[in-house]
K.L.:
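Dumping the structure here so I can ask a few things about it.
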Amino acid sequence: MLVLGLDPGTATTGYGLVREHDDGTLEAVAFGVIRTPPDLPMARRLQMIYRELTALIEAHHPDAAAIEQMFFGRNITTAITVAQARGVQLLALENACLPIREYKPSQIKQSIAGYGNAPKAQMQEMVRALLDLEEVPQPDDAADALAVAITDINSGRYERLMLE
């Protein structure tokens with residue numbers, strides 16, 4: 001099973017592809033970020049995100065996708081731009097006919113670190129350990145996206161156990 005995890009953003013969208021092998025081990029297949037220049041009009045930035053995400057899907061053929069749900073803080077302008085990027089990402093995933101799951105930040109932290117308020121450094125170190133990487137994935141958005149993909153794999157494992 002190959003899962004594409006996304007950490008939505010307009011300036012930077014993190015992505016991470018994680019494969020679950022038959023023996024239960026996890027492998028980071030690819031990870032990184034999609035960046036858009038801040039001086040471009042919003043419509044162009046959204047188009048760049050859509051095109052790059054679509055190319056990523058076509059290159060790797062994931063079986064499923066998972067995306068982080070929005071957390072609304074005090075900055076409504078940032079929330080609106082992230083929501084626009086997230087909408088474009090959901091469209092790309094849907095157009096690729098991928099099953100999509102959405103996870104709250106606290107669910108991701110619980111799944112990865114066992115604590116819904118885990119600090120970022122702990123999350124990054126757990127992602128490194130779970131994927132048996134030599135270093136913490138960089139940039140932060142890529143590590144976050146890998147955590148989303150791992151969360152989806154863990155959720156699938158739990159569902160399979162419940163069916164047995």
Side-chain angles (χ1 to χ4, degrees), residues 1-36 45-72 79-116 118 123-124 126-133 137 139-164:
M1 167 76 84
L2 180 61
V3 176
L4 169 61
L6 294 174
D7 179 34
T10 304
T12 307
T13 291
Y15 67 86
L17 287 134
V18 177
R19 181 177 313 282
E20 179 184 25
H21 293 281
D22 291 339
D23 65 359
T25 59
L26 300 178
E27 173 192 7
V29 173
F31 58 89
V33 294
I34 299 169
R35 294 187 195 276
T36 65
R45 294 173 81 183
L46 295 173
Q47 182 185 51
M48 287 178 68
I49 293 167
Y50 181 84
R51 285 183 176 167
E52 289 191 39
L53 180 55
T54 299
L56 189 67
I57 293 166
E58 290 172 357
H60 292 281
H61 305 286
D63 300 301
I67 189 167
E68 185 173 347
Q69 289 182 348
M70 295 215 29
F71 172 76
F72 289 99
I80 290 170
T81 60
V82 171
Q84 290 173 324
R86 191 172 178 281
V88 165
Q89 292 162 24
L90 287 168
L91 176 63
L93 298 173
E94 185 65 28
N95 282 348
C97 300
L98 290 172
I100 305 165
R101 293 191 192 195
E102 302 177 50
Y103 298 96
K104 296 176 185 173
S106 60
Q107 290 175 299
I108 298 165
K109 290 177 178 186
Q110 178 71 38
S111 173
I112 302 300
Y115 175 56
M123 288 290 295
Q124 292 172 341
M126 286 301 300
V127 167
R128 185 206 64 75
L130 290 168
L131 295 173
D132 196 27
L133 300 172
D140 293 354
D141 302 291
D144 294 346
L146 288 166
V148 175
I150 295 168
T151 297
D152 190 61
I153 290 169
N154 287 342
S155 178
R157 288 174 175 172
Y158 178 75
E159 287 177 5
R160 287 190 301 272
L161 285 173
M162 296 305 294
L163 293 174
E164 292 179 357

K.L.:
Side-chain contact, heavy-atom cut-off 4.5 Å: Leu131 with Ile150?
P.N.:
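Yes, their side chains come closer than 4.5 Å.
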K.L.:
Can you tell me how far the CZ atom of Arg101 sits from the CD atom of Gln69, to the nearest 0.5 Å?
P.N.:
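Arg101 CZ to Gln69 CD: 13.0 Å, rounded to 0.5 Å.
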K.L.:
For the side chain of Thr81 and the backbone of Thr10, is there at least one donor-acceptor N/O pair under 3.5 Å apart?
P.N.:
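Side chain of Thr81 to backbone of Thr10, a donor-acceptor pair under 3.5 Å: no, none is there.
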K.L.:
To the nearest 0.5 Å, how far apart are CG in Leu146 and OH in Tyr15?
P.N.:
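Those atoms lie 10.0 Å apart.
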K.L.:
Locate the shortest heavy-atom distance separating Asn154 from Ser111; write the atom from each residue and the value.
P.N.:
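Nearest heavy atoms, Asn154 then Ser111: ND2-OG, 3.0 Å.
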K.L.:
List the atom of Ala143, the atom of Gln124, and the distance in Å for their closest heavy-atom pair.
P.N.:
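Scanning both residues, the minimum pair turns out to be CB-CG, 4.1 Å.
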K.L.:
Does Arg86 have any salt bridge (Lys or Arg N to Asp or Glu O under 4.0 Å) partners at least two apart in sequence or in another chain, and if so, which?
P.N.:
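Arg86 satisfies salt bridge (Lys or Arg N to Asp or Glu O under 4.0 Å) with Glu102 once adjacent residues are dropped.
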K.L.:
Side chains of Ile57 and Leu93: closer than 4.5 Å at any heavy-atom pair?
P.N.:
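Contact flag for Ile57/Leu93 side chains = yes.
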K.L.:
Begin from the C-alpha positions of Asp7 and Asp140 and carry the test side chain to side chain contact (heavy atoms under 4.5 Å, CB included) through to its verdict.
P.N.:
CA-CA 10 Å; Asp7 179 34; Asp140 293 354; over 6 Å; no
K.L.:
To check you understand the geometry: which heavy-atom pair defines the closest contact between Leu17 and Pro62, and what is its length?
P.N.:
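Nearest heavy atoms, Leu17 then Pro62: CD2-CB, 4.0 Å.
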K.L.:
Looking at Pro8 and Ile67, what are the two nearest heavy atoms and their distance?
P.N.:
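Closest heavy-atom pair between Pro8 and Ile67: CG-CG1, 3.6 Å.
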K.L.:
Going by side-chain hydrogen bond (donor to acceptor under 3.5 Å, both in side chains), name the residues that satisfy it together with Asp152, two or more places apart in sequence or in a different chain.
P.N.:
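If we apply the side-chain hydrogen bond (donor to acceptor under 3.5 Å, both in side chains) test to Asp152, skipping adjacent residues, the hits are Tyr103.
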K.L.:
Looking only at heavy atoms, which two atoms of Gln110 and Gly116 are closest? And how far apart?
P.N.:
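Of all heavy-atom pairs spanning Gln110 and Gly116, the closest is OE1-N, 3.4 Å.
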K.L.:
If I take atom CG from residue Leu91 and atom CG from residue Leu46, how far apart are they, to the nearest 0.5 angstrom?
P.N.:
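Between atom CG of Leu91 and atom CG of Leu46 there are 11.0 Å.
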K.L.:
My understanding is that only residues two or more places apart in sequence, or in another chain, count here; which of them pass side-chain hydrogen bond (donor to acceptor under 3.5 Å, both in side chains) with Thr13?
P.N.:
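Gln89.
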K.L.:
Is any side-chain heavy atom of Val148 less than 4.5 Å from a side-chain heavy atom of Leu6?
P.N.:
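Result no, sub-4.5 Å side-chain heavy-atom pair not found.
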K.L.:
Sequence neighbours left out, what pairs pass salt bridge (Lys or Arg N to Asp or Glu O under 4.0 Å) with at least one residue falling in residues 17-28?
P.N.:
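Those involving residues 17-28 are Glu20-Arg157, Glu20-Arg160.
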K.L.:
Any pair with a residue in residues 50-64 that passes side chain to side chain donor-acceptor pair (under 3.5 Å), sequence neighbours left out, goes on the list, sorted by first then second residue, please.
P.N.:
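Listed once each, the pairs are Tyr50-Asn95.
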K.L.:
Would you say Thr151's side chain and Ala147's backbone share a donor-acceptor pair under 3.5 angstrom?
P.N.:
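Yes, the answer is positive, given that a donor and an acceptor are paired below the 3.5 Å cut-off.
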K.L.:
Provide the closest heavy-atom pair for Ala149 versus Gly5 in the form atom of the first, atom of the second, distance.
P.N.:
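Shortest heavy-atom contact: CB-N, 3.8 Å.
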K.L.:
Could you work out, with side-chain hydrogen bond (donor to acceptor under 3.5 Å, both in side chains) as the rule, every residue matching Asp144, not counting sequence neighbours?
P.N.:
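side-chain hydrogen bond (donor to acceptor under 3.5 Å, both in side chains) list for Asp144, sorted by chain: Lys120.
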